[in-house]
Amino acid sequence: MKNYEILPCIDCRRCKNGDLVCKIKDEMQELYQKMHEADLVIFGTPLYWYGPTGKMKLFIDRMRPFISNGRLKGKRGVIAVPSEEGADACGPLMEMFSKSFDYLGMEFAGSILVKAYEKEEIKENREELERAYEFGKSL
Ligand SMILES: Cc1cc2nc3c(=O)[nH]c(=O)nc-3n(C[C@H](O)[C@H](O)[C@H](O)COP(=O)(O)O)c2cc1C
């Protein structure tokens, strides 16, 4: 997602009528297809001001067609977030995802909320890596 061109949702409501796709032609079209084919979607974003990055917010805004077409219903979603402050600071972000999953009919399958500020710092944290590995296996 990070390297894809994603333009802002303009609330044109075109996705509510008929063909249930987004009329904005950018690389989000490729991501719609990938999400449609997936059983599970991992939303990974660093914590920026207690929420997701601007890029992740653009992505979430563009998920609007999935409300009409229901193509995410029953799929599982995972949240992965590194931050300076750690899990305790992720409340607002988790609430936003939780409400959005409910709205889309997705099932919350768990989260990885880790303290990791410096580049590659996470590599030194064996405990969190092990926990993430076991969580991944359980999925
Ligand atoms: C604009 C900006 C806002 C941030 N806001 C928060 C924040 O609210 N809480 C926090 O714990 N860390 C915050 N951070 C720190 C990042 O979450 C942290 O650097 C993260 O590990 C970066 O992950 P990355 O190495 O994958 O980019 C912020 C960083 C930036 C650049």
Side-chain angles (χ1 to χ4, degrees):
M1 187 276 286
K2 187 179 167 200
N3 300 322
Y4 283 71
E5 182 199 30
I6 304 176
L7 298 171
C9 174
I10 53 169
D11 193 18
C12 68
R13 310 200 181 182
R14 173 76 161 68
C15 59
K16 291 177 94 169
N17 315 330
D19 57 6
L20 310 175
V21 293
C22 180
K23 73 165 189 181
I24 300 173
K25 298 299 173 233
D26 59 7
E27 291 177 330
M28 192 66 196
Q29 300 299 333
E30 216 178 299
L31 296 174
Y32 287 135
Q33 190 55 32
K34 284 183 191 289
M35 289 171 84
H36 176 47
E37 288 165 10
D39 299 318
L40 181 144
V41 181
I42 300 175
F43 295 83
T45 171
L47 189 68
Y48 277 15
W49 293 108
Y50 306 102
T53 59
K55 189 73 183 276
M56 176 58 84
K57 186 61 169 56
L58 285 174
F59 175 73
I60 296 165
D61 289 353
R62 291 288 301 288
M63 282 166 56
R64 176 69 185 74
F66 289 121
I67 300 169
S68 317
N69 65 30
R71 286 187 185 150
L72 291 185
K73 277 203 178 108
K75 292 188 195 285
R76 295 187 296 164
V78 169
I79 318 294
V81 183
S83 67
E84 182 179 7
E85 296 171 82
D88 289 349
C90 294
L93 175 141
M94 289 303 290
E95 189 173 353
M96 182 206 67
F97 272 109
S98 166
K99 285 186 183 297
S100 303
F101 282 3
D102 285 351
Y103 205 74
L104 290 161
M106 291 181 74
E107 181 196 326
F108 173 66
S111 60
I112 302 171
L113 309 177
V114 289
K115 216 179 230 200
Y117 182 64
E118 300 297 346
K119 294 279 171 233
E120 309 208 349
E121 179 185 334
I122 193 65
K123 282 188 182 165
E124 309 303 320
N125 193 336
R126 300 293 320 160
E127 200 181 315
E128 285 295 354
L129 287 178
E130 186 62 26
R131 206 199 313 256
Y133 179 75
E134 290 303 326
F135 174 52
K137 263 202 329 197
S138 76
L139 293 169

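What's counted below: heavy atoms across the whole structure, side chains too, no hydrogens, waters or symmetry copies. Indexing begins at 1, ligand by ligand and atom by atom, following the structure's order.
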Does the pair Ser111 and Val81 meet the rule for a side-chain contact (heavy atoms from CB on, under 4.5 Å), with working shown?
CA-CA 8 Å; Ser111 60; Val81 183; over 6 Å; no
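Every atom of ligand 1 is numbered from 1 in the order shown, and the set under 4.0 Å from a heavy atom of Lys119 is 25 (O), 27 (O). Shown in contact with Ala116 at under 4.0 Å from a heavy atom are these atoms of ligand 1, numbered in order with element: 20 (C), 21 (O).
Rounded to the nearest 0.5 Å, atoms CD1 (Ile67) and SG (Cys15) are 7.0 Å apart. How far NZ of Lys115 is from CD of Glu85: 8.5 Å, rounded to the nearest 0.5 Å. Annotation: the span from Met56 atom CE to Ile79 atom CD1 amounts to 8.0 Å, rounded to 0.5 Å.
Atom 14 (N) of ligand 1 has its closest protein heavy atom at Leu47 O, 3.2 Å. Protein heavy atom in closest approach to atom 12 (N) of ligand 1: Glu84 N, 3.3 Å. Remark: minimum distance from atom 26 (O) of ligand 1 to any protein heavy atom is reached at Pro82 CG, 3.9 Å. Pro46 CB, 3.4 Å is the protein heavy atom nearest to atom 23 (O) of ligand 1. Of the protein's non-hydrogen atoms, Glu85 N, 2.7 Å is the one closest to atom 11 (O) of ligand 1.
Residue nearest to atom 29 (C) of ligand 1, selected from Trp49, Tyr117, Tyr48: Tyr48 (by heavy-atom distance).
Judged by distance alone, the side chains of Gln33 and Gln29 never bring a donor and an acceptor atom under 3.5 Å apart.
Ring pair Phe66/Tyr32 is perpendicular by interplanar angle, where above 60° counts as perpendicular and below 30° as parallel.
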